[in-house]
Amino acid sequence: MKSTISLSSPSALQTEALVAVVLDHSEPRANASDKKPQLKLATADSALQSAAADLLSSGELSGKLLETNLLHKPTGLQAKRLLLVSGGNAEKFSSYELRRVTGAAVRTLKSRGIRRFAFVAPSDMGAEEAVRAIVEGAHVGNFDPDYYRSDRKDQKVEELAVVTTDDQKSLESVAREAQIIGESQNFTRDLVNEPSNRMTPTILAERAKQMCAEVGLTCEVYGPDKIKELKMGAFWSVAQGSDEPPALIVMRYEPAAAPAKPVLGLVGKGITFDTGGISIKPADGMEKMKYDMAGGATMIGVMRAVALLKPKVKVIGIVCATENMPSGKAQKPGDVQIAMSGKSIEVINTDAEGRLVLADGLHYAKQLGCTHLVDAATLTGAVVVALGYNNAGIFTNNDNMYDRIHRANEKAGEKMWRLPVDDEYKEQIRSSIADIMNTGGRWGGAITAAMFLKEFAEDTPWIHLDIAGTAWMEEQKPWIAKGPSGIAVRSLVEFVKSFAA
Ligand code: BES
Ligand code: MN
Ligand code: ZN
């Protein structure tokens, strides 16, 4: 979607649709049932205000977040349509809500076949923050996972003009950056959406290579021989059961202008299908395990954005891609594996495979010189029990890293919540015959999975993001389609930028 800045007066704009934000200025009260909303447009433009005046004062609207109304031939405007989307309570309205408002506007318009529109930036928010949220939110709304439907409407909005009165040069570059980030998030969502027969480790590696060639990154892909040569016993133990060869994908962004340190290592879980292996999963819902490579796809999307945004910091992206299959060659519960770091692992449950591939991915990242590590993985069902679908889990051995990712979350409008990785939990993964085991029992499953990874990050500052509950939208929302969400791409781009010299 082409995103531009327009300084025209909203009433003079000739467009298919003009979108404006409605805010409720009534006092938030405890007893909300008899509350009358006080609705106003978030703009100082008087022509726009009068076009919406009758509807806003009609008493027909609730003013609740994402309520939408479409007016044709709005009085006094050149636009063919005026779409009003509510941002909810004025005091609570932030760029977080604005992203959803824009997403909802795009989804309303695209389903009606409208390809071009203009969005009036709300007046009571900084222009840069607003432009960024509008462009990113529009990209989120523009994605639909209907690629394989022969009746797909193929409706994508093609052009967005953000209308602002703020005559800053910087806004053009803010819009450009937000477009890169939005496109990269959708790139990730496209990868995650593919079913496992069309997204094998080999295909994922090909897609990464192709992307890297397009944006000027170096990309190396290693197969079974190199994985064994590197002594990645944990990664290989998962890969050995599948007929599809695994792929170790290494993407490098090393700009000449960046200092030697830090070197950020972004490690993604790339299980292109997780059957559970010999500890096989129940049939019910197993089809969803095609999204078990979402962490890997996240890192590929982040590398794409980083290559185009060019921050002055070195970044290496690593994806450990394999299927997790049962077969005569598959590892069995009780097997002991030696990880690349030399640690021995008793594999209690072959379905706890994500931590095995990441163990070697994290160690390899350190060996390549990474000074800071981040991994993203659909790692545990337990994180969904703990945090539900609305927050990804953050686990880290370093408070400074937490501060960075938390600030990145706020800027990017993504929700994540920290869970502990205290030493006490380590007891749960102690093995009687090896250094550690790959499951930690029933309680605190997201934490014990993180404790396992922490053994491989060791003293290197490290963040683990468990995106099992957030990488896939279980149902559609007004602002986003059902399916892959692209969670963590925006935050990690922001996180990388926070290190730029
Ligand atoms: N890929 C799954 C985790 C998952 C669950 C992702 C639900 C998305 C939605 C992971 O490999 C897994 O199977 N984890 C096990 C770990 C257990 C065996 C210790 C789990 O969470 O049940
Ligand atoms: Mn599993
Ligand atoms: Zn898995």
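When a ligand or atom number is given, it counts from 1 through the structure's own listing order. If you're wondering where the values come from, they're calculated on a predicted model, not measured in any experiment.
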Part of V384 within contact of ligand 1 (heavy atoms, under 4.0 Å): neither
E353: numbered ligand 1 atoms lying under 4.0 Å from its heavy atoms: 11 (O)
Residue of the set R107, R152, K156 for which salt bridge (Lys or Arg N to Asp or Glu O under 4.0 Å) holds with D144: R107
Region of K281 that comes within reach of ligand 1 [heavy atoms, distance under 4.0 Å]: side chain
Distance in Å, E97 CD paired with M125 CE, rounded so as to fall on 0.5 Å steps: 8.0 Å
K269 contact mode with ligand 1 (heavy-atom cut-off under 4.0 Å): side chain
Heavy-atom check, side chain of L362 versus side chain of K454, under 4.5 Å: no
Any I345 side-chain heavy atom under 4.5 Å of L356 side chain: yes
Nearest option to atom 20 (C) of ligand 1, as decided by whichever heavy atom of G381, A294, G295, S279 sits closest: G381
Protein N, O or S atoms lying under 2.8 Å from the Mn ion (ligand 2), listed by chain and number: D274 OD2, D351 O, D351 OD1, E353 OE1
Protein residue, atom and distance nearest to atom 10 (C) of ligand 1, heavy-atom basis: L379 O, 3.3 Å
Numbering as shown, the atoms of ligand 1 that approach N349 to under 4.0 Å (heavy-atom distance): 18 (C)
Heavy atom of protein closer than 4.0 angstrom to atom 22 (O) of ligand 1: no
N or O pair under 3.5 Å between D292 and ligand 1: yes
Within-4.5 Å side-chain heavy-atom neighbours: W472 and K290: yes
Any K288 heavy atom less than 4.0 Å from ligand 1: no
Per-atom contacts, ligand 1 versus T380 - under 4.0 Å to a heavy atom: 3 (C), 21 (O)
Intermediate values then yes/no, side chain to side chain donor-acceptor pair (under 3.5 Å), R404 and S498: CA-CA 7 Å; R404 282 186 194 265; S498 81; 3.0 Å; yes
Polar protein atoms near the Zn ion (ligand 3) [N, O or S; cut-off under 2.8 Å]: K269 NZ, D274 OD2, D292 OD2, E353 OE2
Structural part of Y291 in contact with ligand 1, heavy atom criterion under 4.0 angstrom: side chain
Listed partners of R115 passing salt bridge (charged side-chain N to carboxylate O under 4.0 Å, His left out), at least two apart: E158
Atom 19 (C) of ligand 1: nearest protein contact (heavy atom, Å): T439 CG2, 3.6 Å
Residue list, salt bridge (charged side-chain N to carboxylate O under 4.0 Å, His left out) with K426, at least two apart or on another chain: E455
Closest approach of any protein heavy atom to atom 7 (C) of ligand 1, naming residue and atom: M289 CE, 3.9 Å
Close side-chain approach of I394 to L419, heavy-atom, < 4.5 Å: no
4.5 Å side-chain heavy-atom contact, I463 and N397: no
Residue and atom name of the nearest protein heavy atom (relative to atom 2 (C) of ligand 1), distance in Å to one decimal: D274 OD2, 3.6 Å
Residue pair T439 / D351, side-chain heavy-atom distance below 4.5 Å: no
Lys/Arg cation over aromatic Y402: R418, 6.0 Å, 45° cone: yes
Which segment of D351 sits under 4.0 Å of ligand 1 when only heavy atoms are counted: both
Under 3.5 Å side-chain donor-acceptor pair for N186 and H139: no
Heavy-atom closest pair, residues P201 and P245: CB-O, 3.4 Å
F117 and F119 aromatic ring geometry - parallel, tilted or perpendicular at 30°/60° bounds: perpendicular
Proximity of R355 to ligand 1 by residue part, where a heavy atom lies under 4.0 Å: side chain
Side-chain touch R490/E136, heavy atoms, less than 4.5 angstrom: yes
Between S242 and E323: side-chain donor-acceptor atoms closer than 3.5 Å: yes
pair V267-Y364: side-chain heavy atoms closer than 4.5 Å: no
